[in-house]
Amino acid sequence: MERPSRLLLVSELRVRNSAYDVSLSRSLLTWKRRTSSPVYHPFRPSGCHSVSVSEILSVREEEEESGCRDDGSWKQIKESEGKDCRQAFTVLYVERCQQHRWRSAEVTFTCPEAALCQRWVNSIREQLAAITSRPKQLLVYINPFSGKRHGKRIYEQKVAPLFAQAGVTTHVIVTEHANHARDHLRTEAELKKFDGVVCVGGDGMFSEIIHGLIWRSQIDGGVDPNCADESLLPCSLRIGIIPAGSTDCICFATVGSNDPVTSALHIIVGDSQPMDVCSVHHNNTFLRYSVSLLGYGFYGDVLTDSERKRWMGPARYDLSGVKMFLTHHYYEGTVSYLPARGIMGTPRDASRCRSGCVVCQHNRRLISEKAERYQVDEEADRESEGEWKTIRGKFLAINAASMSCACPRSPKGLSPAAHLADGTTDLILVRKCSRFDFLRHLLRHTSKDDQFDLNFVEVHRVRRFCFTPRHCQSDSDLDLRENGKHQIFGQICRDHPACGCAPAYSSWNCDGEILTHTAIDVRVQSNLIKLFARGIEEPTVFEDLTNPCAI
């Protein structure tokens with residue numbers, strides 16, 4: 001049994017017109033209403049409240065008139081004495097709501113003496129100052145064009161006031177063009193001045209941030225990002241996401257909600273969630289980083305088609321999805337992968353990646369032990385994992401999910417049991433099948449059925465994989481097809497799928513961006529970045545904290 005924390009302060013204070021026993025330890029602030037009747041009233045609201053010190057946002061002293069307005073008798077005493085003193089203080093703290101949302105709540109305590117009030121304020125501030133994980137200075141990038149173009153308003157109205165209350169200073173940059181944030185992080189940003197980077201926007205804006213931050217970390221550390229066999233250096237700064245985009249898949253998969261206030265509060269309390277990142281290369285040339293979805297075939301075609309319809313807004317994805325489903329293209333190629341052996345968890349587990357995930361912790365420890373044993377010797381690591389596996393065939397879709405890829409429209413996601421920080425990605429292969437069977441596969445993303453329990457779908461948990469399309473063995477061939485006479489007939493076939501000629505190649509959808517190459521080499525870089533998040537909390541956490549005095 002865990003030893004209870006030693007109490008730092010215990011006093012009888014008042015909240016509104018009621019007397020409370022208030023106590024402060026290094027881990028908890030608790031206030032319990034004093035009652036004269038020992039009889040239990042089951043329908044009376046609980047008079048006991050508690051909040052973790054780590055989830056206290058700030059404490060402030062109240063002016064005399066606001067601090068004493070709730071207690072008329074004490075106010076009369078103060079007025080008779082004519083003293084100008086502060087005898088009340090307000091604590092701002094995190095309050096949990098439904099659907100994983102957080103809100104800022106506050107409670108005002110009135111003290112009988114000014115000295116006692118000052119003692120409480122100082123003690124709470126000392127405990128908050130001792131939390132070293134909390135950011136004090138943040139670099140904030142706002143994309144004013146993401147989603148419905150509300151990013152700047154969301155930050156100014158919902159996020160900036162919370163940062164100000166918590167004493168977090170910010171340096172805000174409103175981006176003016178694509179890759180503005182990425183280029184600024186790569187070259188100009190003085191990263192040593194900040195405790196973290198925050199992006200206000202959608203998944204595209206987050207992608208900009210990680211591309212700039214990871215590249216800068218490798219250059220500063222002397223690592224060549226273009227080498228596919230190189231183990232990349234983890235970023236020292238954490239990244240915060242204030243959702244203001246169309247889907248905000250990454251925020252939903254790491255917090256459980258696309259709510260700007262919730263994300264801001266996670267940043268303030270200094271949460272930390274490690275995340276794997278996939279580095280994508282072509283012939284030892286770096287292409288992109290991916291944290292959620294790499295999709296070839298169906299999802300690549302949907303993205304390519306939707307890019308021509310950007311004027312439609314988010315509705316373009318639905319239209320392109322229906323169009324690509326009816327087209328029903330399949331692609332031939334070779335997939336080689338390095339299985340993740342000796343780890344905990346499989347892609348078809350019933351368990352999900354949640355806050356404090358045991359699977360992520362176990363596999364992260366396993367990876368670090370192997371790195372020490374082999375001194376990051378890639379060849380030895382490959383031998384320990386076993387030989388590469390190769391699959392050739394015709395595929396409707398080839399997907400690699402480094403997280404569940406859940407979003408409000410698909411709460412389970414593309415791979416429900418994928419983990420954020422276990423050093424692997426789930427490789428999902430959907431072989432050529434009938435249009436009806438493919439529809440069954442797509443519908444299972446929104447149902448409770450096992451979406452991999454289909455004979456034309458296979459899934460593997462891997463550390464690395466490569467793909468080579470059959471009809472386009474090199475990108476020089478691809479360029480010839482695009483620029484030569486094959487392009488004319490290829491376009492006709494794409495526009496008229498009834499002719500039965502399957503196109504030679506698709507495109508890779510890399511976190512919502514189109515890759516310029518089809519043959520790629522993908523490696524999982526374990527725990528490369530950290531977010532200001534803690535993972536999705538289980539519902540039992542909320543139940544325990546609503547009645548903390550039962551602990």
Side-chain angles (χ1 to χ4, degrees), residues 99-101 141-151 153-155 158 175 178 181 198-211 239-263 266 273 275 277-278 288-295 298-325 353 397 399-416 418 420 428 442-443 445-446 507-515 531 533 536:
Q99 299 178 334
H100 304 286
R101 292 177 177 245
Y141 294 95
I142 301 176
N143 182 359
F145 306 107
S146 62
K148 297 181 180 179
R149 300 174 179 259
H150 293 165
R153 179 181 60 81
I154 287 173
Y155 178 78
K158 297 184 177 182
T175 59
V198 175
C199 65
V200 183
D203 293 338
M205 185 62 177
F206 176 76
S207 181
E208 274 196 44
I209 298 297
I210 67 167
H211 277 80
I239 304 171
I241 309 173
I242 303 297
S246 302
T247 56
D248 301 307
C249 168
I250 297 165
C251 186
F252 190 87
T254 54
V255 176
S257 171
N258 289 340
D259 175 53
V261 172
T262 301
S263 295
H266 276 283
Q273 170 64 54
M275 276 187 64
V277 176
C278 287
R288 287 190 71 84
Y289 296 115
S290 171
V291 294
S292 57
L293 170 68
L294 269 168
F298 178 75
Y299 289 104
D301 292 345
V302 169
L303 179 64
T304 303
D305 188 74
S306 67
E307 285 297 299
R308 306 187 189 105
K309 304 177 176 65
R310 294 190 69 89
W311 55 271
M312 294 181 60
R316 67 186 185 271
Y317 297 113
D318 296 328
L319 180 61
S320 296
V322 173
K323 178 182 176 182
M324 290 303 109
F325 170 75
C353 186
N399 302 318
S402 299
M403 60 171 63
S404 66
C405 299
C407 64
R409 299 180 63 177
S410 177
K412 286 180 60 178
L414 199 66
S415 183
L420 296 172
I428 307 166
L442 294 178
L443 290 178
H445 295 331
T446 59
S507 300
W508 280 97
N509 177 343
C510 180
D511 293 357
E513 298 291 335
I514 300 174
L515 289 186
L531 300 187
I536 300 175

In Å, rounded to the nearest 0.5 Å, how long is the span from CD1 of I536 to OG of S404? 6.0 Å
Which heavy atom of F298 sits nearest a heavy atom of F325, and at what distance? CE1-N, 3.8 Å
Are any side-chain N or O atoms of D248 and backbone N or O atoms of C251, one a donor and one an acceptor, separated by less than 3.5 Å? no
At their closest point, which heavy atom of S507 faces which heavy atom of D301, and how far apart are they? N-OD1, 4.3 Å
What residues form a ring pair (Phe, Tyr, Trp, His ring centres under 6.0 Å) with Y289, not counting sequence neighbours? H211, F286
Any heavy-atom pair between the side chains of L414 and Y299 that's under 4.5 Å? yes
How long is the gap from CE on M275 to OG on S402, to the nearest 0.5 Å? 8.0 Å
Closest heavy-atom pair and its distance - S320, D305: OG-OD2, 2.8 Å
Would you compute the distance between atom NZ of K158 and atom OG1 of T262 and round it to the nearest 0.5 angstrom? 10.0 Å
Without swapping roles, check the side chain of D511 against the backbone of V291 for a donor-acceptor pair under 3.5 Å. yes
Output, in order, the C-alpha distance, side-chain angles, deciding distance and verdict of side-chain contact (heavy atoms from CB on, under 4.5 Å) for I428 and S415. CA-CA 8 Å; I428 307 166; S415 183; 4.1 Å; yes
So CG of N258 and CZ of R101: to nearest 0.5 Å the spacing works out to 8.5 Å
Counting only N and O atoms by type, is there a donor-acceptor contact under 3.5 Å from the side chain of N509 to the main-chain atoms of L294? no
Nearest 0.5 Å please: distance from the SG atom of C510 over to the CD atom of E513. 8.0 Å
Please give me the minimum heavy-atom distance between I241 and S263, naming the atom from each residue. O-CB, 3.1 Å
Taken to the nearest 0.5 Å, the spacing of I250 CD1 from I210 CD1 works out to 6.5 Å
Checking R288 against S207: is there a side-chain donor and acceptor pair closer than 3.5 Å? yes
Would you say that S257 contacts Q99 through its side chain, given a criterion of any heavy-atom pair below 4.5 Å between the two side chains? no
Examine distances only and state if a side-chain atom of T175 and a backbone atom of I142 form a donor-acceptor pair shorter than 3.5 Å. yes
Heavy atoms, side chains only, cut-off 4.5 Å: are E208 and C199 in contact? no
Can you give me the closest heavy-atom contact between H445 and K412, atom names plus distance? O-CB, 3.8 Å
Shortest non-hydrogen contact from I514 toward E307: CD1-CG, 3.9 Å
